[in-house]
*Asks:* 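Quick one: the structure is below, and I'll ask about it shortly.
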Amino acid sequence: MKRLSNGLQKTVFVIFALLSAMIIVSIVAFNRHPAWIFYPVCAATVAGLFFLLRFLGRHETFAKRAFPFVLLGIAVLLPLIQIPVGMLLEFDPHSDFGNVFYGAQAWAQDYTFMLDADRAFYFYNFPNNVPLMALLTGVFQWVNKLDGDQYFLAAVIVNSLLATLSIILCIDIVRRIAGHAVALVAAVVFLVLPPYYVLGAVFYTDAMTFIYPAALLWLYLVARKCKWWLKLPIYVIMAGLALIGFEIKATVVIMLIALILTDLIQGRWLSLGMLLPLSLAAILIGSSMWNQYLLDQHFEPDELELHNLPTVNWLVQGIAWRDDSIGNLYHFAPNRTERDKVGWQMLRELYAKRFMKGEMPEFYGRKMEVDFGRGTMGLDDFLDDRPWNDVWIQQYVFYSGEHYKGYNAYCCGVMLGLWILALGGAVAGVRDLGSTSGQHPEIWMGLVGIILFLLAWEMRDRYFSNYFSILIVAGVLGLTTCAPWVHWEKKTA
């Protein structure tokens with residue numbers, strides 16, 4: 001049994017190593033960044049973090065004393081930067097984001113979001129965005145109670161606080177696994193990434209779910225140290241968070257699956273016996289109740305069948321390329337059931353077409369570069385949508401900005417460095433399950449899950465963003481296993 005467990009854990013690291021190696025090659029092969037910025041930033045990221053860890057690893061007492069002050073500084077100062085920057089970057093959302101934002105305002109005022117015909121049509125097509133709208137509705141109801149109309153500011157505040165909390169949890173995850181010195185290195189990584197300062201204004205499904213994978217992993221590590229009777233309430237909280245996160249963005253549940261599979265392959269039967277049934281019950285029952293509420297209060301079942309897009313719609317878009325003028329499946333069949341049939345047929349034909357033309361290597365190489373090589377987290381998709389202000393920072397974060405190429409190359413260079421370090425951690429896990437990374441396959445398993453999912457899903461650079469912080473955790477932990485000359489305070493969470 002022990003040999004089987006070890007073999008399965010090493011298999012996780014092998015799969016991640018192969019996938020991350022392909023991602024690194026794809027980023028290098030297909031990137032369009034100025035080489036004089038991109039590659040030096042990548043090299044500086046890897047080398048700089050090594051030297052920083054070397055210094056802090058030799059001054060663990062200093063790191064231990066400084067850690068709470070650094071964490072407190074991030075908790076206080078980061079939102080004080082994110083919120084004003086978010087308001088400077090205020091814009092008038094449209095399309096998906098606009099329907100969610102203005103729909104939440106309508107719901108908060110009129111107790112329904114279906115009065116506007118165009119908005120009702122949108123949500124019949126994409127009911128998956130209703131949960132985020134419901135969350136924002138709760139926030140906006142408080143704005144109404146205060147007789148205010150600063151809906152954008154309220155959303156920026158909530159998004160900024162949640163993102164900051166996710167950063168704090170990730171830093172503490174590293175502390176629990178590898179000690180204070182390594183956690184301070186993780187803090188530096190977060191602080192040198194500009195997207196974490198400008199994300200406040202982008203309170204869409206991606207940024208608003210940063211907190212969930214981080215919180216699930218943090219709670220899991222906390223539960224490992226607890227007695228069984230304390231594990232139960234922690235797992236109840238995890239199941240509730242998984243439900244909320246799953247409803248807002250389904251990829252959140254990948255981290256939960258990784259944690260459950262880790263319990264299974266490591267033989268943590270008590271943990272598995274509590275976490276698995278609680279999670280299944282929360283997601284199945286909670287989702288069923290939520291869907292029934294929407295049908296009872298907002299949606300007409302016949303209209304939903306007529307307009308709704310099936311899941312295969314995004315799988316088709318995930319393989320469509322170049323000359324495939326597909327768009328979505330709405331125009332290909334008169335109802336959801338027929339669209340589902342047409343979608344699966346198109347999916348088989350498109351995969352066959354890719355194989356027959358020999359396009360698969362280039363297609364997936366370019367897809368990996370887009371999905372996993374864009375260090376800006378795709379925030380720029382929204383920020384230049386009808387901005388309200390004209391400020392200097394837009395020259396960096398807008399596609400059309402004068403300094404965008406440099407900003408983009410810098411962010412992507414740091415991200416490439418993190419992939420390289422995470423690959424190093426996976427290699428160390430294969431060689432020795434007793435290493436820092438080897439003891440925690442759940443982190444690399446979560447990344448494997450999101451990589452495999454997004455390779456099949458629609459190509460978008462922002463879809464990976466709610467796992468970016470998990471990549472930072474993996475990269476920093478990989479750094480420790482690649483630096484044998486460093487003596488740091490090693491912990492097992």
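Hydrogens, waters and symmetry mates are skipped; everything else that's a heavy atom, side chains included, is used.
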*Asks:* Do Tyr235 and Ser279 meet the criterion of a side-chain donor-acceptor pair at a distance under 3.5 Å?
*Replies:* no
*Asks:* Knowing that exactly one of Leu383, Asp380, Ile393 qualifies, which makes a side chain to side chain contact (heavy atoms under 4.5 Å, CB included) with Phe398?
*Replies:* Leu383
*Asks:* When you compare the side chain of Asp371 with that of Tyr364, does any pair of heavy atoms fall below 4.5 Å?
*Replies:* no
*Asks:* Determine whether more than 12 heavy atoms belonging to other residues, nucleotides or ligands lie under 6.0 Å from atom NZ of Lys10.
*Replies:* yes
*Asks:* Under the 3.5 angstrom rule, does the side chain of Tyr212 hit a backbone N or O of Leu243 as a donor-acceptor pair?
*Replies:* no
*Asks:* What distance do His440 atom NE2 and Arg224 atom CZ have between them, rounded to the nearest 0.5 Å?
*Replies:* 5.5 Å
*Asks:* Using the ring-ring contact (aromatic ring centres under 6.0 Å, His included) definition, which of the options Phe382, Phe210, Tyr151, Phe101 pairs with Phe203?
*Replies:* Phe101
*Asks:* Will you find, in the side chains of Tyr204 and Asp381, an N or O donor that is under 3.5 Å from an N or O acceptor?
*Replies:* no
*Asks:* To the closest 0.5 Å, what do you measure between OH (Tyr396) and CG (Asn408)?
*Replies:* 14.0 Å
*Asks:* At their closest point, which heavy atom of Ser271 faces which heavy atom of Asp263, and how far apart are they?
*Replies:* OG-OD2, 2.6 Å
*Asks:* Answer whether the closest heavy-atom distance between the side chains of Arg374 and Met415 falls below 4.5 Å.
*Replies:* no
*Asks:* Please round to the nearest 0.5 Å and tell me the distance separating atom CG of Asp384 and atom OH of Tyr404.
*Replies:* 9.0 Å
*Asks:* Would you compute the distance between atom CD1 of Ile167 and atom CG of Leu78 and round it to the nearest 0.5 angstrom?
*Replies:* 5.0 Å
*Asks:* Check each of Thr205, Leu216, Leu241 against Val252 using the side chain to side chain contact (heavy atoms under 4.5 Å, CB included) test, and report the only one that passes.
*Replies:* Leu216
*Asks:* Mind checking whether Arg175 and Ile171 have side chains closer than 4.5 Å, heavy atoms only?
*Replies:* no
*Asks:* Is it the case that atom CG in Leu77 sees more than 12 heavy atoms from other parts of the structure closer than 6.0 Å?
*Replies:* yes
*Asks:* Can you tell if the side chain of Leu423 reaches within under 4.5 Å of the side chain of Ile23, non-hydrogen atoms only?
*Replies:* no
*Asks:* Test your reading of the model: is there a side-chain donor-acceptor pair from Trp444 to the backbone of Val14, 3.5 Å cut-off?
*Replies:* no
*Asks:* Can you check whether Ala163's main-chain N or O pairs, donor with acceptor, with Ser166's side chain at less than 3.5 Å?
*Replies:* yes
*Asks:* Roughly how far, to the nearest 0.5 Å, is the CD1 atom of Ile450 from the CH2 atom of Trp457?
*Replies:* 10.5 Å
*Asks:* Tell me, please, which residues at least two apart from Gln9 pass side chain to side chain donor-acceptor pair (under 3.5 Å).
*Replies:* Ser5, Gln266
*Asks:* Is any side-chain heavy atom of Leu416 closer than 4.5 Å to one of Val41?
*Replies:* no
*Asks:* Donor-acceptor pair, distance only, cut-off 3.5 Å: does the side chain of Asn159 make one with the backbone of Val156?
*Replies:* no
*Asks:* If you compare all heavy atoms of Ala104 against all heavy atoms of Met133, which two are closest, and at what distance to 0.1 Å?
*Replies:* N-CG, 3.5 Å
*Asks:* State, with a plain yes or no, whether a side-chain heavy atom of Val100 is found less than 4.5 Å away from one of Asp96.
*Replies:* no
*Asks:* Locate the shortest heavy-atom distance separating Ile168 from Ala75; write the atom from each residue and the value.
*Replies:* CD1-CB, 3.5 Å
*Asks:* Is there a donor-acceptor pair under 3.5 Å between the side chain of Gln82 and the backbone N or O of Tyr196?
*Replies:* yes
*Asks:* I'd like to know if the side chain of Gln394 reaches the main chain of Val391, judged simply by a donor and an acceptor atom lying under 3.5 Å from each other, with no hydrogens or angles considered.
*Replies:* yes
*Asks:* Is there side-chain contact between Val397 and Tyr197, with at least one heavy-atom pair below 4.5 Å?
*Replies:* no
*Asks:* Would you confirm whether Ser20, through its side chain, and Ala17, through its main-chain N or O, come within 3.5 Å as a donor-acceptor pair?
*Replies:* yes
*Asks:* Ignoring hydrogens and angles, tell me if any N or O in the side chain of Trp290 forms a donor-acceptor pair with the backbone of Glu247 under 3.5 Å.
*Replies:* no
*Asks:* As a quick check of understanding, evaluate side-chain contact (heavy atoms from CB on, under 4.5 Å) for Ile472 and Leu193, giving each step before the final call.
*Replies:* CA-CA 11 Å; Ile472 292 174; Leu193 278 166; 3.8 Å; yes
*Asks:* Which atom pair, heavy atoms only, marks the closest approach of Tyr467 to Gly446?
*Replies:* CE2-O, 4.2 Å
*Asks:* Give, for atom CH2 of Trp419 and atom OG of Ser26, the distance between the pair rounded to the nearest 0.5 Å.
*Replies:* 11.0 Å
*Asks:* Quick one: does any side-chain atom of Ser160 pair with a main-chain N or O of Ile157 as donor and acceptor, under 3.5 Å?
*Replies:* no
*Asks:* For His403 and Trp392, run side-chain contact (heavy atoms from CB on, under 4.5 Å): C-alpha distance rounded to whole Å, both residues' side-chain angles, the deciding distance at 0.1 Å, then the answer.
*Replies:* CA-CA 10 Å; His403 305 295; Trp392 64 270; over 6 Å; no
*Asks:* Between Leu53 and Leu49, is the side-chain contact (heavy atoms from CB on, under 4.5 Å) condition met? List the steps.
*Replies:* CA-CA 6 Å; Leu53 179 58; Leu49 294 181; over 6 Å; no
*Asks:* Output, in order, the C-alpha distance, side-chain angles, deciding distance and verdict of ring-ring contact (aromatic ring centres under 6.0 Å, His included) for Phe91 and Phe97.
*Replies:* CA-CA 11 Å; Phe91 58 95; Phe97 197 171; 5.6 Å; yes
*Asks:* With a distance cut-off below 6.0 Å to the six-membered ring centre and an angular limit of 45° from the axis, does Lys231 pair with Trp228 as a cation-pi contact?
*Replies:* no
*Asks:* Tell me, yes or no, whether the heavy-atom count around Tyr399 atom OH, taken from other residues, nucleotides or ligands under 6.0 Å, exceeds 12.
*Replies:* yes
*Asks:* Evaluate the side-chain contact (heavy atoms from CB on, under 4.5 Å) criterion for residues Leu89 and Val202: first the C-alpha distance (whole Å), next the side-chain angles of each, then the deciding distance (0.1 Å), finally the verdict.
*Replies:* CA-CA 9 Å; Leu89 294 172; Val202 188; over 6 Å; no
*Asks:* If I compare all heavy atoms of Leu184 with all of Ala66, which pair ends up nearest, and what's the gap?
*Replies:* CD1-CB, 4.4 Å
*Asks:* Quick one: which residue pairs count as a salt bridge (charged side-chain N to carboxylate O under 4.0 Å, His left out) with a foot in residues 192-219, not counting sequence neighbours?
*Replies:* Asp206-Lys249, Asp206-Arg462
*Asks:* Where is the tightest heavy-atom contact between Gly373 and Ile27, given as atom of each residue plus distance?
*Replies:* CA-CD1, 3.6 Å
*Asks:* Is any side-chain heavy atom of Pro213 less than 4.5 Å from a side-chain heavy atom of Ser469?
*Replies:* no
